[in-house]
Amino acid sequence: MGLKEQLMQDYKDAMKNADAVKKNTVNMVRAAIKQYEVDQRVTLEDDADIVKIIKKQVKMRADALSDFVKAGRDDMVEGYKKEIEILKSYLPEEMGEEEIKAKVKEIADKLGIEANMKNMGVLMKSTMAELKDKADGSAVNKAVKEFLSGK
């Protein structure tokens, strides 16, 4: 079952179980997917494209969550945390910090890159090309900086 079908099934289940948060969250993702399809005049069948949309939704909610925390809106914080948790359940497992560091070292060795900050662009580009859907960009950036600074 593809991700699109999974979202539809989860939407139906959430309605049957009267789970308003999950129903609304899944419906918002389905609407974002539909909006993308209409805007681009395509039909998304590939799960990788749908994962990108879900990641964008997670990022939007995470940004809003930090704003709600700063503003002291505890009523909104809890709801957004639940939404992020629901959305992350549809994403593939991301690599851990140690795995990312090992991969950065492996790529640097393969390319013959020395620990020098001048090589940041080359190493970052190569690493992100290989890990784009498997790891968070900020975690990769941190690992690359640590490697290049010799830590």
Side-chain angles (χ1 to χ4, degrees), residues 1-71 73 75-111 113 119-148:
M1 178 184 320
L3 208 46
K4 235 177 166 179
E5 293 83 15
Q6 179 68 42
L7 286 164
M8 187 62 197
Q9 185 60 47
D10 289 351
Y11 178 70
K12 290 177 184 176
D13 293 343
M15 285 195 323
K16 288 178 187 173
N17 299 331
D19 185 349
V21 175
K22 186 165 187 171
K23 179 186 79 122
N24 292 336
T25 304
V26 171
N27 200 32
M28 281 189 276
V29 171
R30 291 180 58 237
I33 293 168
K34 187 66 178 169
Q35 185 65 51
Y36 181 86
E37 289 178 334
V38 169
D39 290 348
Q40 302 299 320
R41 293 185 174 95
V42 295
T43 302
L44 295 179
E45 298 297 332
D46 187 22
D47 284 353
D49 294 329
I50 295 172
V51 165
K52 288 178 188 173
I53 293 171
I54 295 173
K55 280 186 176 186
K56 185 176 180 182
Q57 293 291 314
V58 169
K59 184 173 180 350
M60 286 171 40
R61 282 166 179 74
D63 291 345
L65 182 66
S66 67
D67 291 341
F68 289 138
V69 169
K70 288 177 190 170
R73 294 289 311 268
D75 56 325
M76 300 294 282
V77 169
E78 202 56 44
Y80 269 67
K81 282 183 179 178
K82 287 179 184 173
E83 287 182 14
I84 290 170
E85 187 179 310
I86 291 167
L87 291 172
K88 283 188 173 183
S89 70
Y90 294 104
L91 297 175
E93 188 79 24
E94 287 194 343
M95 295 174 73
E97 193 174 323
E98 293 304 316
E99 290 176 287
I100 295 171
K101 287 180 182 179
K103 198 68 173 169
V104 166
K105 183 168 175 15
E106 177 187 320
I107 292 170
D109 290 344
K110 186 169 67 174
L111 296 174
I113 293 176
N119 298 320
M120 177 78 178
V122 175
L123 184 56
M124 189 67 189
K125 182 179 178 183
S126 301
T127 305
M128 282 307 294
E130 199 163 318
L131 303 179
K132 68 179 177 190
D133 289 333
K134 299 174 189 156
D136 180 51
S138 60
V140 172
N141 188 318
K142 181 181 173 193
V144 168
K145 283 182 179 175
E146 283 181 10
F147 174 80
L148 293 176

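Note that the coordinates shown come from a computational prediction; the quantities given were computed from them, not determined experimentally.
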Next on the checklist: What I'd like to find out is whether the side chain of Asp136 reaches to under 4.5 Å of the side chain of Glu97, using heavy atoms alone.
Outcome noted: no
Checklist entry - So, for Tyr11 and Arg30, which heavy atoms are closest and what is the spacing to 0.1 Å? => result CD2-NH1, 3.6 Å
Checklist entry - Do Met120 and Asn141 pass the side chain to side chain contact (heavy atoms under 4.5 Å, CB included) test, and can you show the C-alpha distance, the side-chain angles, and the key distance before you say yes or no? => result CA-CA 9 Å; Met120 177 78 178; Asn141 188 318; 3.5 Å; yes
What side-chain donor-acceptor pairs closer than 3.5 Å can you find for residues 100-107, not counting sequence neighbours?
{"unit_1": "Lys101", "atom_1": "NZ", "unit_2": "Glu146", "atom_2": "OE1", "d": "3.1"}
{"unit_1": "Lys103", "atom_1": "NZ", "unit_2": "Glu106", "atom_2": "OE2", "d": "3.4"}
{"unit_1": "Lys103", "atom_1": "NZ", "unit_2": "Glu130", "atom_2": "OE2", "d": "2.9"}
{"unit_1": "Lys105", "atom_1": "NZ", "unit_2": "Asp109", "atom_2": "OD2", "d": "3.3"}

Checklist entry - Is there a donor-acceptor contact under 3.5 Å from the side chain of Thr127 to the main chain of Met124? => result no
Next on the checklist: Among residues at least two apart in sequence or on other chains, which ones pass ring-ring contact (aromatic ring centres under 6.0 Å, His included) with Tyr90?
Outcome noted: none
Checklist entry - Given side chains that start at C-beta, do those of Lys134 and Glu99 come closer than 4.5 Å, heavy atoms only? => result no
Next on the checklist: Can you confirm whether Val42 sits close enough to Tyr36 that some side-chain heavy atom of one is under 4.5 Å from a side-chain heavy atom of the other?
Outcome noted: yes
Checklist entry - At what distance, to the nearest 0.5 angstrom, does CD of Glu45 lie from CD1 of Ile50? => result 7.5 Å
Next on the checklist: Pair Met28, Arg61 - check side chain to side chain contact (heavy atoms under 4.5 Å, CB included), show working.
Outcome noted: CA-CA 12 Å; Met28 281 189 276; Arg61 282 166 179 74; 3.2 Å; yes
Checklist entry - Do any N or O atoms from the side chain of Asn24 and from the backbone of Ala20 form a donor-acceptor pair under 3.5 angstrom? => result yes
Checklist entry - What is the minimum heavy-atom distance between Thr25 and Ile86, and which atoms define it? => result CG2-CG2, 4.0 Å
Checklist outcome for this item: The reported gap from CG in Leu7 to NZ in Lys12 (rounded to nearest 0.5 angstrom) is 12.5 Å
Item to check | Val51 versus Leu3, closest heavy-atom pair with distance | outcome: CG2-CD2, 3.8 Å
Item to check | Distance-minimising heavy-atom pair for Glu37 and Leu44 | outcome: OE2-N, 2.9 Å
Checklist outcome for this item: Shortest non-hydrogen pair, Gln57 vs Ala32, comes out as NE2-CB, 3.4 Å
